[in-house]
Amino acid sequence: MIMRLKIRDVREDHDLTQQQVAQYLMCDQSLYSKYERGERDVPLNIMIKLAQFYKTNIDYLVGLTENKKPYR
């Protein structure tokens with residue numbers, strides 16, 4: 001599964017809207033939507049915030065592992 005689908009699936013698993021996640025990231029909903037659709041690359045600082053927000057790891061969000069647990 002590619003990253004854009006992972007960040008959408010994780011958001012949906014947490015029953016959140018794009019607007020709610022965008023507010024947490026302090027960006028526009030339209031920009032966050034572009035991340036999910038793969039129209040814009042997700043900057044590293046945003047990936048870190050997403051991993052912290054969802055209590056997971058970046059490797060999971062980008063599809064390198066199926067292990068959702070955060071690293072110590």
- Does Met26 belong to the same Ile/Leu/Val/Met/Phe/Trp/Tyr cluster as Ile48, with side-chain heavy atoms less than 4.5 Å apart forming each link? no
- Task: Can you spot which of Val42, Leu50, Val21, Asp41 makes a side chain to side chain contact (heavy atoms under 4.5 Å, CB included) with Tyr35?
- Result: Val42
- Message: Main chain of Leu16, side chain of Arg11: is a donor-acceptor contact present, judged purely on distance under 3.5 Å?
- Response: yes
- Query: Is the charged tip of Lys6 near the ring of Tyr60: under 6.0 Å from the six-membered ring centre and within 45° of its axis?
  - Reply: yes
- Message: Checking side-chain polar atoms at under 3.5 Å, does Gln19 have a donor or acceptor matched by the opposite partner on Gln29?
- Response: no
- Inter-residue atom distance Lys34.NZ - Asp28.CG, 0.5 Å rounding: 9.5 Å
- Any donor and acceptor pair, going by atom type alone, linking the side chain of Gln20 with main-chain N or O of Thr17 inside 3.5 Å? yes
- Query: Between atom CD1 of Ile58 and atom CD1 of Ile46, what is the distance when rounded to the nearest 0.5 Å?
  - Reply: 11.0 Å
- Message: Strictly distance-based, threshold 3.5 Å: is any side-chain N or O of Asn57 a donor or acceptor partner for the main-chain N or O of Lys69?
- Response: yes
- Near Arg40 CZ, under 6.0 Å, is it more than 12 heavy atoms from other residues, nucleotides or ligands? no
- Backbone N/O of Lys68 and side chain of Thr56: donor-acceptor pair under 3.5 Å: yes
- Give, for atom CG of Leu44 and atom NZ of Lys49, the distance between the pair rounded to the nearest 0.5 Å. 11.5 Å
- Hey, are Glu36 and Tyr32 close enough side-chain-wise for a donor-acceptor pair under 3.5 Å? yes
- Message: Between Asp59 and Tyr71, is there a side-chain donor-acceptor contact under 3.5 Å, judged purely by atom types and distance?
- Response: yes
